[in-house]
Number of protein chains: 2
Amino acid sequence: MAKTVKSEKTTYHHGDLRAALVEATRQLIEEKGIDHFSVSDACRRAGVSTAAPYKHFKNKGEMINAVMLESMDRHKHEMLAAVQPYPEGSLDRIRALGRNYVGFAQREPGIFLLRFGQNPDPHLPEVEDLGQDTYDIVQHEVAKILGEPGVTDKVKQRSFMLWSFVHGLSMLTMNPELAEKGGNLDVEELLNEIGWRVLRD
Amino acid sequence: MAKTVKSEKTTYHHGDLRAALVEATRQLIEEKGIDHFSVSDACRRAGVSTAAPYKHFKNKGEMINAVMLESMDRHKHEMLAAVQPYPEGSLDRIRALGRNYVGFAQREPGIFLLRFGQNPDPHLPEVEDLGQDTYDIVQHEVAKILGEPGVTDKVKQRSFMLWSFVHGLSMLTMNPELAEKGGNLDVEELLNEIGWRVLRD
DNA sequence: TGTCAAAGTTAGCGTCTCTTACATATGTAA
DNA sequence: TTACATATGTAAGAGACGCTAACTTTGACA
C-alpha cells in the first residue's frame with residue numbers, strides 16, 4: 001500500500017513513470033479527495049516535470065481512470081480471497097464479504113467515493129465490468145445459501161438488500177462524526193445481525 | 001424547488017441577493033456537483049458581478065455552508081411531516097421515514113453527497129445539530145415500536161441498522177448504472193422487507 | 001559507432017479561479 | 001433636501017491549472 005513513488009537514483013529515465021504516477025495519483029486522491037487532485041500535484045510527488053505525464057496518459061481523466069481500474073481490480077481479488085477460508089454455502093462467507101467491503105471503504109475512502117460518488121459522465125466499460133464481477137461473487141454466495149438454482153428474483157432481492165446495507169454501513173463508518181451516532185457499535189456484530197435477518201425466510 | 005434566481009426588474013439593489021445566491025449555488029451543486037461549483041457561476045446565474053457575494057458571505061465556503069444548512073433544515077421538516085399521517089408506534093411511520101430519505105437523495109443528490117461525501121474539514125456545529133435532530137426522529141420511532149423506554153442499546157443498534165440500509169439504498173439508487181444491478185427492484189418493497197426483518201426479535 | 005525512437009525537460013499560452021480596493025448607485029432617515 | 005449607510009459594479013491582482021510545442025537526454029539496436 002505504501003508504494004514507492006520517487007526512485008532513489010535520479011536518472012533521466014524514470015524506469016516506470018507510469019506506475020509511479022498512478023500510485024501518486026491514488027495517494028493524493030486519498031489524501032485530498034478527488035476534487036482537489038491536480039496533475040501538477042502528482043508530478044511534484046513523483047518528482048518529474050508537469051509535462052511528463054502526457055507521454056503516458058492522454059489527459060487528467062485518463063490518469064484517474066487508471067487509478068480506478070487498478071483499485072477495483074484489487075478489490076475484486078480481495079473479495080475472492082476473503083471468501084476462500086470458509087466452507088461453501090456458509091453464512092461465514094457472506095460475512096467475510098461484508099467485512100472486506102467495509103474494510104475497503106475504510107482503507108481507501110477516496111477511491112470508494114470516486115467509484116460511487118456523483119459523476120456526470122458514466123464510467124468506463126472496464127470499470128462496470130469489474131463492478132459486475134465483484135457483485136457476481138455476492139450473488140453466487142447468496143444463491144448457494146438460499147438453495148436457489150441460480151440468480152433468481154429472490155436472490156437478486158436479497159443480494160441487493162445486503163449490498164445496500166453494507167454500502168450504507170461503509171459510508172457511515174467512513175465518517176467519524178456519523179459513525180459516532182451508531183454509539184461505537186461493532187461492525188462485526190452488525191454484519192452478523194444483518195446476515196441472518198436478510199437471508200432467513 | 002424551482003425558485004426564481006434573477007428578479008425580473010433589474011434594479012441596482014437586488015432585494016434579496018443573499019437568498020438568490022444561495023438558491024443559485026444549490027442549483028449549480030445539483031447540476032455540476034460540488035467539485036465543479038464556482039462562485040463566478042453562481043454570480044452569472046444570479047445576474048450580478050463576481051464581487052457582489054462578498055457583501056453577503058465571507059468566502060466561497062460560507063456560501064456552500066449556507067446551502068447545506070438550508071437544505072438540511074428542509075430535510076428535517078420533511079421527515080417530521082412524513083411521519084405525521086400514520087398512527088404512533090406503527091411500522092408505517094418507519095417506512096415513511098425511509099421513503100422520504102431515499103426520495104431526498106434522489107431529488108437532491110448533490111446536497112446529499114455534499115453532506116455525506118469526503119470532506120477534509122468537519123462540518124459546522126449547526127449542521128451536526130440538524131443531523132442529530134433528524135436522527136433523533138428515527139430513534140424515537142424505533143423505541144416506540146420496540147417498546148423500549150428510550151434510546152437503549154438495542155434501539156441504537158436497530159436504528160443504525162436501518163440507517164445504514166436506507167443510506168446505502170439511497171446511494172445505489174442515485175446511480176442508474178448501479179440501481180440496474182438491483183434488477184429494477186421496487187424501493188417500496190425493499191423498505192417493507194427491511195422494516196420487519198430489522199425490527200423483529 | 002551511429003541512428004533513432006522513447007522519455008524526459010523547459011517555457012509558456014490561455015483560461016479560470018477567489019478575492020480585494022475603490023468607485024458608484026440607491027434607499028432611508030433626519 | 002441632505003447626509004450617510006448599504007448594496008452593487010469595475011477593474012485588476014495573484015495564482016493555479018491543463019495542456020502543448022519544441023528541445024534534450026538516454027538507451028537500444030543495426
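Proteins get letters first, then strands, A, B, ... in listed order; numbering begins at 1 in each. Heavy atoms only: backbone and side chains are in, while hydrogens, waters and symmetry mates are out.
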If you compare all heavy atoms of B:R45 against all heavy atoms of B:A24, which two are closest, and at what distance to 0.1 Å? CG-CB, 4.0 Å

If you measure from the Lys or Arg side-chain nitrogens to the Asp or Glu carboxylate oxygens, is any gap between A:K76 and A:E70 under 4.0 Å? no

Whole Å only: how far is the NE2 atom of A:H56 from the C1' atom of C:dA5? 14 Å

Do the side-chain N or O atoms of A:S40 get closer than 4.0 angstrom to the phosphate oxygens (OP1, OP2) of D:dA16? no

Remember a base hit wins even if backbone is also touched, and classify B:K60 as base, sugar-phosphate or nothing at under 4.0 Å, heavy atoms. sugar-phosphate

Euclidean distance, atom CG of residue A:L21 to atom C1' of C:dG8 [Å, nearest integer]: 12 Å

Side chain of A:K55 - closest among C:dC18, D:dG18, C:dA7: C:dA7

Would you classify A:S49 as touching base, sugar-phosphate or nothing, given that sugar-phosphate means primed atoms plus P, OP1 and OP2, and contacts are heavy atoms under 4.0 Å? base

Spacing between A:D41 atom CG and D:dG15 atom P, to the nearest angstrom: 17 Å

Strictly by modelled atom types, are A:E128 and A:Q132 linked by a side-chain donor-acceptor pair under 3.5 Å? no

Length of the CZ-C1' vector between A:F37 and D:dA16, whole Å: 14 Å

Would you mind reading off the distance between A:N59 atom CG and D:dC17 atom C1', rounded to a whole angstrom? 14 Å

Integer-rounded Å distance: C:dC18 C1' and B:I64 CD1: 12 Å

Where the side chain of B:A51 is defined as all heavy atoms beyond and including C-beta, which of D:dC17, D:dT8, D:dT10 is the nearest nucleotide? D:dT10

Electrostatic pair B:E141:B:K144 at N-O distance under 4.0 angstrom: no

Quick check: B:F160 with B:Y135 (ring centres under 6.0 Å apart)? no

Report the nucleotide, chosen from D:dC19, D:dA11, D:dC17, that has the shortest atom-to-atom distance to any side-chain atom of A:R44. D:dC17

Within this structure, what is the OH-to-P distance between B:Y54 and C:dC18, rounded to whole angstrom? 6 Å

Using a 4.0 Å heavy-atom cut-off, does A:A52 contact any base of the nucleic acid, only the sugar-phosphate backbone, or nothing at all? base

Within this structure, what is the CG-to-C1' distance between B:L17 and C:dT26, rounded to whole angstrom? 15 Å

